[in-house]
There are 2 protein chains.
Amino acid sequence: MGQYRITSDRSLVDSIDLRKTYLFSQLNDEQIDRIKKVSTGIHMEDGDVLFEVGNKAARFFLVLEGQIKLSRLSLNGNEKVIEVVSPGHTFAEALMFLEQPSYPVRCVALGKTALIAFDNEVFLKLLHESTETCFRVMGDMSLRLRHLIKEIDDLTLQSATGRVAGYLCGMLLFKGQERFNLETPKGVLASRLSVKPETFSRILHGFIDEGLVSVKGGHIEVLNADGLRKHAESAGICGQRLGPGNQMNVQFGN
Amino acid sequence: MGQYRITSDRSLVDSIDLRKTYLFSQLNDEQIDRIKKVSTGIHMEDGDVLFEVGNKAARFFLVLEGQIKLSRLSLNGNEKVIEVVSPGHTFAEALMFLEQPSYPVRCVALGKTALIAFDNEVFLKLLHESTETCFRVMGDMSLRLRHLIKEIDDLTLQSATGRVAGYLCGMLLFKGQERFNLETPKGVLASRLSVKPETFSRILHGFIDEGLVSVKGGHIEVLNADGLRKHAESAGICGQRLGPGNQMNVQFGN
DNA sequence: ATGCAGAATTGATATTTATCAATTCCTATC
DNA sequence: GATAGGAATTGATAAATATCAATTCTGCAT
């Protein structure tokens, strides 16, 4: 568990078609080449730390494989997972507009993970040439803002039980079926939902007792969606789409 | 208390120099004219509601005078103040990149308030012509993202006491002097800090008992800044500046 | 000045969630 | 298949904050 297992791999960059990624979809061949030239492929193992809170932020990233955990730490050692980033999604690109960008979160690999690191400076130059790409970035950030507001909403207007129920309802909607697997260990998920693991366990078992779900390890089956929804009384503003010509393309599955 | 007191006023638009506002600072005369032509000045009285959660968002706003409260509501009638916007600052501009933008918050005037409403469509066209202005928008959104992450941090890794202490430390830093007034009624501030008014009162009196502050109505005097800081053990990532050429211009005082 | 209404405070109590400690359950590795 | 070690669960208890109810304060309008 440490940085030493992190390896770079140029072939990752060569093999990928960046045009398939929302942020790069409007760039021409020459521009894609330019950004690729200064990009690095990265392999990480479970628990590897890519950067810590406060590290200078000169690059942003695209997840190809595995998952990335972004979290904040308190002085007394508590950790709050801000986001779990899945393949096909970029992160840390919003930082390049700050004067002396530094990462506001710690970045850790969940499982074996592959990603590409892009150079902020080069991408900023590209942005100056491509209004369309600016719009991609703005759309991207707009969605992210929405999610964070929703998160604050959940934290302040919703109980821990409500957040867990809300998460399960979200998964149900997202996966489109009653049976699914949690995409992360329960401890990570608990932190993502701002609940202690013990409390998370108790809440889940409360749902089981009510006959709302059945749980076997990380495998969930929702038995009574309406019952769950009653616990998750949220306004539910999330899931909004981007404006005309700005549709998000999610690829790589997931 | 209602929309009927909201009045529009073209002269507000004519009188203002938009170039002084961060977001518009890179536009040329013709562009400024174009946006002004479809803008409206608005006067509001205390408690007036400009829009509700879910309203179609076709405009964004600049506060000229007074204050704007942006809040979310839960089904059981609880309110969480997401932000209090002061003169010189814009709000709701991040929404125009969404497909069918709707306001994720309710907007209420705090006291007598004047603002300008800008048309999303026209501004979007302007953005297509001005990469510089795109950069303004991106810088703007980047800062906003930071603030929201800080907010989530405070909510999850900090106690209510810590948040109140943190707020007071922030004010101390911002105002640059030990004596200052709370810029909003205590109830609004409490909601902003996600604390019930009763709890807020008790926490504040706890600080008084410790000899950290003295309070007279909305007037605060910090007697022991270090003592306060000890209560507010935060990482403190906020207050980051924008990148080169992207400095935020705060004007209109405040 | 006087009185009124909303805001703020205070007290008593209830709830929620965290904390601490002890098991039990997986799963990866030998 | 055995087994070690982290993850998850369970139980008992504590702490923080919310809730409910009753005053008191304050600023504004008469």
Side-chain angles (χ1 to χ4, degrees), chain A residues 1 45-47 69 74 76-81 108 110-112 154-167 181-209 213-220 231-233, chain B residues 1 45-47 69 74 76-81 108 110-112 154-167 181-209 213-220 231-233:
Chain A
M1 189 158 310
E45 298 292 326
D46 185 64
K69 179 179 81 173
S74 73
N76 42 300
N78 278 119
E79 181 188 40
K80 156 70 183 168
V81 176
V108 183
L110 290 178
K112 205 176 165 62
D154 285 346
L155 287 171
T156 54
L157 298 173
Q158 195 96 250
S159 66
T161 306
R163 290 199 296 276
V164 174
Y167 174 81
N181 288 302
L182 302 174
E183 359 71 315
T184 58
K186 284 178 182 169
V188 175
L189 181 53
S191 172
R192 173 69 248 295
L193 297 172
S194 295
V195 170
K196 296 288 155 191
E198 296 96 322
T199 305
F200 180 77
S201 178
R202 283 185 245 268
I203 288 172
L204 212 51
H205 278 256
F207 291 161
I208 293 172
D209 293 345
V213 297
S214 107
V215 180
K216 221 181 295 157
H219 187 78
I220 305 282
H231 280 286
E233 320 247 60
Chain B
M1 190 157 312
E45 298 292 327
D46 185 65
K69 179 179 82 175
S74 73
N76 42 300
N78 278 119
E79 180 189 39
K80 157 69 182 169
V81 176
V108 183
L110 291 178
K112 206 177 165 61
D154 284 345
L155 287 171
T156 54
L157 298 172
Q158 197 88 254
S159 67
T161 305
R163 290 198 297 276
V164 174
Y167 174 81
N181 289 301
L182 302 174
E183 0 70 316
T184 58
K186 283 178 182 169
V188 175
L189 181 53
S191 172
R192 173 69 247 295
L193 296 171
S194 295
V195 171
K196 295 288 155 192
E198 296 95 321
T199 305
F200 180 77
S201 178
R202 284 185 243 268
I203 289 172
L204 211 52
H205 278 256
F207 290 163
I208 292 172
D209 293 345
V213 297
S214 107
V215 180
K216 219 182 298 156
H219 187 78
I220 305 282
H231 280 286
E233 320 246 59

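When reading the values below, keep in mind they use all heavy atoms of this one structure, side chains included, and skip hydrogens, waters and symmetry mates.
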Checklist line | Heavy-atom donor-acceptor pair, K186(A) side chain to G217(A) backbone, under 3.5 Å | finding: yes
H219(B) atom NE2 is separated from dA7(C) atom P, nearest whole Å, by 23 Å
Numerically ordered, the residues 188-201 of chain A set in heavy-atom contact under 4.0 Å with DNA chain C is K196(A), E198(A), T199(A)
Taken to the nearest whole Å, CD/Q158(B) to C1'/dT17(C) is 18 Å
Just wondering, do N181(A) and I220(A) contact through their side chains at under 4.5 Å, heavy atoms?
no
In whole angstroms, the gap separating P of dG6(D) from CG of D46(A) amounts to 13 Å
Between A232(B) and G162(B), the two heavy atoms sitting closest are CB-O, 3.7 Å
To the nearest angstrom, the NZ-C1' distance between K216(B) and dG27(D) comes to 17 Å
In whole angstroms, the gap separating C1' of dC25(C) from CG of L204(A) amounts to 15 Å
Result for 5'-nearest mapping on DNA chain C, choosing between P185(B) and R202(B), is P185(B)
Does E79(B) pair with K69(B) as a salt bridge, N-O distance under 4.0 Å? yes
Keeping K80(A) on the side-chain end and R192(A) on the backbone end, is there a donor-acceptor pair under 3.5 Å?
yes
Original post:
Within the structure, does a side-chain N or O atom of T161(B) lie under 4.0 Å from either OP1 or OP2 of dT17(D)?
Top reply: yes
Separation of dT17(D) atom P from N78(B) atom CG, nearest Å, is 16 Å
I203(A) atom CD1 is separated from dA18(C) atom C1', nearest whole Å, by 12 Å
